[in-house]
Peer 1: 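If you scroll down you'll find the structure; I have some questions about it.
In what follows, every heavy atom counts, from backbone to side chain, and hydrogens, waters and symmetry copies are set aside. Sequential numbering from 1 along the given sequence is applied to the chain's residues.
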Amino acid sequence: MNNAITGNIIRFIALVLVQVIIFNNINFLGYINPYVYILFIAFFPVKNNRLVLILVSFILGLSIDMFLDSGGIHAGASVFIAYVRPLLLKSSFGMIYEHQTVRFGSVDFGSKLIYISLLVPLHHIVLFSLEIFNIFNILLILEKTLFSSIFTILLSIIISVIFSRKTK
């Protein structure tokens with residue numbers, strides 16, 4: 001099997017297990033919960049087929065939903081961010097994305113921070129909107145989105161810095 005495919009499978013399984021075993025048990029102040037499994041979608045190779053990413057994102061979200069018994073909300077939010085990912089890549093990385101040469105291990109920290117800071121709140125707003133599913137609780141949706149996004153962005157940046165491979 002190809003090393004890239006094997007690496008993606010290992011990353012997929014590791015992020016699902018870490019999310020289910022560790023991060024789902026963190027429930028700070030009753031509503032702050034980090035969702036770092038979206039790092040798989042964020043750092044999925046750019047040159048791969050977009051349809052494959054959407055399908056794998058659905059499977060990723062469905063895996064989390066099966067462990068949490070959450071009825072498909074993670075699958076819906078994961079598919080949404082996989083769908084809008086090219087737009088976020090273009091706005092974060094510019095011409096590097098246009099030429100399909102984005103290598104997440106070698107991009108500058110500022111672009112990576114902008115990219116994660118755009119991706120995470122979009123995921124969370126869809127996730128919590130599907131979870132609460134009541135327009136009268138919009139303030140609760142926004143509050144959960146804001147605080148969980150901040151926590152998830154911080155953890156995602158820390159994880160991406162720890163596990164990044166610098167290629168020069």
Peer 1: Under the side chain to side chain contact (heavy atoms under 4.5 Å, CB included) test against Ile64, which residue among Ile38, Val16, Leu15 passes?
Peer 2: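 Answer to the side chain to side chain contact (heavy atoms under 4.5 Å, CB included) test with Ile64 among Ile38, Val16, Leu15: Val16.
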
Peer 1: Any pair with a residue in residues 58-73 that passes side chain to side chain donor-acceptor pair (under 3.5 Å), sequence neighbours left out, goes on the list, sorted by first then second residue, please.
Peer 2: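 As it turns out, the side chain to side chain donor-acceptor pair (under 3.5 Å) pairs with a partner in residues 58-73, which skip direct neighbours, are Asp65-Ser70.
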
Peer 1: I need the full list of salt bridge (charged side-chain N to carboxylate O under 4.0 Å, His left out) pairs touching residues 14-23, with sequence neighbours left out, sorted by first then second residue.
Peer 2: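 The answer is none; no pair qualifies.
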
Peer 1: Is atom CZ of Phe23 surrounded by more than 12 heavy atoms (other residues, nucleotides or ligands) closer than 6.0 Å?
Peer 2: yes

Peer 1: Does Phe43 belong to the same Ile/Leu/Val/Met/Phe/Trp/Tyr cluster as Val161, with side-chain heavy atoms less than 4.5 Å apart forming each link?
Peer 2: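 The answer is yes; both residues are in one hydrophobic cluster.
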
Peer 1: How far apart are the closest heavy atoms of Lys112 and Ser160, and which atoms are they?
Peer 2: CD-OG, 3.9 Å

Peer 1: Quick one: does NZ or CZ of Arg50 land under 6.0 Å from the six-membered ring centre of Phe44, within 45 degrees of the ring axis?
Peer 2: no

Peer 1: My understanding is that only residues two or more places apart in sequence, or in another chain, count here; which of them pass side chain to side chain contact (heavy atoms under 4.5 Å, CB included) with Asn25?
Peer 2: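 Here no residue qualifies.
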
Peer 1: Give me the atom names and distance for the closest heavy-atom approach of Ile125 to Leu122.
Peer 2: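 Residues Ile125 and Leu122, closest heavy atoms: CG2-O, 3.3 Å.
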
Peer 1: Any non-hydrogen side-chain atom of Ser57 less than 4.5 Å from a side-chain atom of Leu53?
Peer 2: yes

Peer 1: Under a single-linkage definition using a 4.5 Å side-chain heavy-atom cutoff for Ile, Leu, Val, Met, Phe, Trp and Tyr, are Ile21 and Val18 assigned to the same hydrophobic cluster?
Peer 2: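 Yes, one cluster joins them.
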
Peer 1: For Asn24, what residues pass the side chain to side chain contact (heavy atoms under 4.5 Å, CB included) criterion, not counting sequence neighbours?
Peer 2: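 Listed in chain order: Gln19, Val20, Asn33, Tyr35, Leu68.
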
Peer 1: Is there any side chain to side chain donor-acceptor pair (under 3.5 Å) pair reaching into residues 146-156, and which pairs are they, with sequence neighbours excluded?
Peer 2: His124-Thr152

Peer 1: Kindly work out whether a path of hydrophobic side-chain contacts (I/L/V/M/F/W/Y, heavy atoms less than 4.5 Å apart) joins Leu17 to Met66.
Peer 2: no

Peer 1: Determine whether Phe40 and Asn8 make a side-chain contact, defined as any pair of heavy atoms from C-beta on separated by less than 4.5 Å.
Peer 2: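 Phe40 reaches Asn8 side chain to side chain.
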
Peer 1: Output all residues satisfying side chain to side chain contact (heavy atoms under 4.5 Å, CB included) with Leu130, sequence neighbours left out; order by chain, then residue number.
Peer 2: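 Testing Leu130 for side chain to side chain contact (heavy atoms under 4.5 Å, CB included), a comparison that skips the adjacent residues, returns Ile73, Val126.
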
Peer 1: Does CZ belonging to Phe12 count more than 12 external heavy atoms closer than 6.0 Å?
Peer 2: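 For Phe12, atom CZ is crowded (more than 12 foreign heavy atoms under 6.0 Å).
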
Peer 1: Kindly compute the distance separating CD1 (Ile132) from CD1 (Ile141), expressed to the nearest 0.5 Å.
Peer 2: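 These two atoms lie 4.5 Å from each other.
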
Peer 1: How long is the span from the CD1 atom in Ile41 to the CG atom in Leu119, to the nearest 0.5 Å?
Peer 2: 7.5 Å

Peer 1: When hydrophobic residues are tied together by side-chain contacts of less than 4.5 Å, even through go-betweens, does Ile162 share a cluster with Leu154?
Peer 2: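 Yes, Ile162 connects to Leu154 through the hydrophobic network.
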
Peer 1: Look up atom CD1 in Ile116 and atom CG in Leu39, then write down how far apart they are to the nearest 0.5 Å.
Peer 2: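 Separation between the atoms: 6.0 Å.
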
Peer 1: Does any non-hydrogen side-chain atom of Leu142 lie less than 4.5 Å from one of Ile138?
Peer 2: yes

Peer 1: According to the salt bridge (charged side-chain N to carboxylate O under 4.0 Å, His left out) rule, which pairs have a member within residues 128-146, sequence neighbours left out?
Peer 2: Glu131-Lys144

Peer 1: Applying salt bridge (charged side-chain N to carboxylate O under 4.0 Å, His left out) as the test, list every pair that has at least one member in residues 23-37; sequence neighbours left out.
Peer 2: none

Peer 1: If you round to the nearest 0.5 Å, how far is CG of Leu140 from OG of Ser129?
Peer 2: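 With rounding to 0.5 Å, OG (Ser129) is 10.5 Å from CG (Leu140).
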
Peer 1: Quick one: which residue pairs count as a side chain to side chain donor-acceptor pair (under 3.5 Å) with a foot in residues 72-82, not counting sequence neighbours?
Peer 2: Tyr37-His74

Peer 1: Can you give me the closest heavy-atom contact between Leu118 and Ser91, atom names plus distance?
Peer 2: CD1-OG, 3.8 Å

Peer 1: Can you list every salt bridge (charged side-chain N to carboxylate O under 4.0 Å, His left out) pair that touches residues 30-45, not counting sequence neighbours?
Peer 2: none

Peer 1: Name all residues meeting the side chain to side chain contact (heavy atoms under 4.5 Å, CB included) criterion together with Phe151; count only those two or more places apart in sequence or in a different chain, and write none if there are none.
Peer 2: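 Counting only residues at least two positions away or on another chain, Phe151 forms a side chain to side chain contact (heavy atoms under 4.5 Å, CB included) with Ile26, Ile32, Pro34, Leu155.
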
